[in-house]
There are 2 protein chains.
Amino acid sequence: MRRDVFQAIADPTRRAIIALIAMQAMTPNALAEHFDTSRQAVSKHLRILTECQLVKQEQTGREIYYHFNPGQMKAVADFIEPFRQMWETKFDQLDKVLSTIKKKKR
Amino acid sequence: MRRDVFQAIADPTRRAIIALIAMQAMTPNALAEHFDTSRQAVSKHLRILTECQLVKQEQTGREIYYHFNPGQMKAVADFIEPFRQMWETKFDQLDKVLSTIKKKKR
DNA sequence: TATTTGTGAAACCAAATAGTTGCGAATATA
DNA sequence: TATATTCGCAACTATTTGGTTTCACAAATA
């Protein structure tokens with residue numbers, strides 16, 4: 001079973017879960033209220049997020065609060081960072097084109 | 001059919017393809033030589049990458065060179081950027097713990 | 001012209017995925 | 001104690017995914 005951060009954030013529901021608990025730790029039930037799906041489905045997503053350590057649990061009584069654990073996000077950052085300059089350069093080139101057009105209009 | 005950048009980079013082979021063609025544009029055959037898989041399988045990955053605009057084609061004769069198109073990567077960067085400070089803070093806290101341990105050893 | 005080369009696309013298959021339903025365990029509450 | 005709440009886990013299902021095999025088409029080459 002593949003369990004890496006890239007696969008974890010591939011699902012839009014899981015990205016939404018991350019965004020929610022990054023703001024505030026929540027229980028599965030509280031999370032499920034934000035989505036049009038069952039508590040069990042959210043629980044499954046939480047399990048996947050837990051397995052790749054994007055999320056950690058904190059049990060208080062019978063409730064389990066899920067916290068966001070940002071450390072693993074670094075793997076994603078490390079992957080895209082080498083390309084950052086490429087897309088920023090690209091925008092620079094677009095700016096050049098736009099300014100060229102502007103000049104021609106004069 | 002879901003075709004977003006997050007789903008595209010979820011597959012390790014596709015991430016490797018991106019890393020390769022980011023260095024230099026390549027044909028499907030040339031790409032396939034780098035992997036333990038068929039040219040057709042690579043072609044399918046390229047199709048997915050093309051559909052979410054992470055890659056663009058340039059036909060010269062009967063060969064098709066695939067170029068990396070970094071623009072869409074920004075979506076991924078935008079998603080993880082809000083968390084950057086969180087994991088960097090985390091590392092700071094780790095540093096604190098480590099330095100505390102160091103002090104105790106003295 | 002006939003053949004080889006480079007390619008995308010379709011058909012098919014096994015495995016993974018996201019979801020549901022139905023439990024049982026543990027904690028809280030009457 | 002009896003009941004309700006919160007939750008994880010297992011079984012099952014439909015869909016998606018990554019891969020192979022086969023094919024057709026266009027460009028290069030003999």
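Numbered from 1 within each chain, the chains take letters A, B, ... in sequence-line order. Side chains included, hydrogens not; waters and symmetry mates left out as well; all remaining heavy atoms used.
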Checklist entry - Taking the six-membered ring for Trp, are B:Phe79 and B:Phe6 ring centroids under 6.0 Å apart? => result yes
For [N], does OP1 or OP2 lie under 4.0 Å from any side-chain N or O of [X]?
X: A:Ser38; N: C:dG19; value: no
X: A:Gln7; N: C:dT17; value: yes
X: B:Thr50; N: C:dG8; value: no
X: B:Thr37; N: D:dT20; value: yes

Checklist outcome for this item: Whether each nucleotide of nucleotides 1-13 of chain D has a protein heavy atom under 4.0 Å at its base (B), only at its sugar-phosphate (S) or at neither (-) is summarised, 5' to 3', as ---BBSBBB----
Return the value, rounded to whole Å, for the distance between atom [atom1] of [X] and atom [atom2] of [N].
X: A:Glu51; N: C:dA18; atom1: CD; atom2: C1'; result: 14 Å
X: B:Ile48; N: C:dA9; atom1: CD1; atom2: P; result: 12 Å
X: B:Arg3; N: D:dT15; atom1: CZ; atom2: P; result: 17 Å
X: B:Ile17; N: D:dG19; atom1: CD1; atom2: C1'; result: 13 Å
X: B:Leu31; N: D:dG19; atom1: CG; atom2: P; result: 14 Å
X: B:Ile9; N: D:dT17; atom1: CD1; atom2: C1'; result: 17 Å
X: A:Arg14; N: C:dG19; atom1: CZ; atom2: P; result: 8 Å
X: B:Asp11; N: C:dA15; atom1: CG; atom2: C1'; result: 14 Å

Checklist entry - Partners of B:Glu63 by salt bridge (charged side-chain N to carboxylate O under 4.0 Å, His left out), sequence neighbours excluded? => result none
Next on the checklist: Need to verify one output field. Residue with the more 5' nearest nucleotide on DNA chain C, A:Gln59 or A:His45?
Outcome noted: A:His45
Next on the checklist: Looking at B:Lys74 and B:Asp78, is there a salt bridge between them, counting it only when a charged N and a carboxylate O are closer than 4.0 Å?
Outcome noted: yes
Next on the checklist: Does A:Asn69 form a side-chain contact (heavy atoms from CB on, under 4.5 Å) with A:Val55? I'd like the steps, not just the answer.
Outcome noted: CA-CA 5 Å; A:Asn69 188 29; A:Val55 148; 5.8 Å; no
Item to check | Nearest heavy atoms of A:Cys52 and A:Gln72, plus distance in Å | outcome: O-CG, 3.3 Å
Checklist entry - Same cluster or not: are A:Tyr65 and A:Val42 linked, directly or through other Ile, Leu, Val, Met, Phe, Trp or Tyr residues, by side-chain heavy atoms under 4.5 angstrom apart? => result no
Next on the checklist: Please determine whether side-chain contact (heavy atoms from CB on, under 4.5 Å) holds for the pair A:Leu46 and A:Arg14, giving the CA-CA distance in whole Å, both sets of side-chain angles, and the decisive distance to 0.1 Å.
Outcome noted: CA-CA 8 Å; A:Leu46 285 170; A:Arg14 284 198 286 270; over 6 Å; no
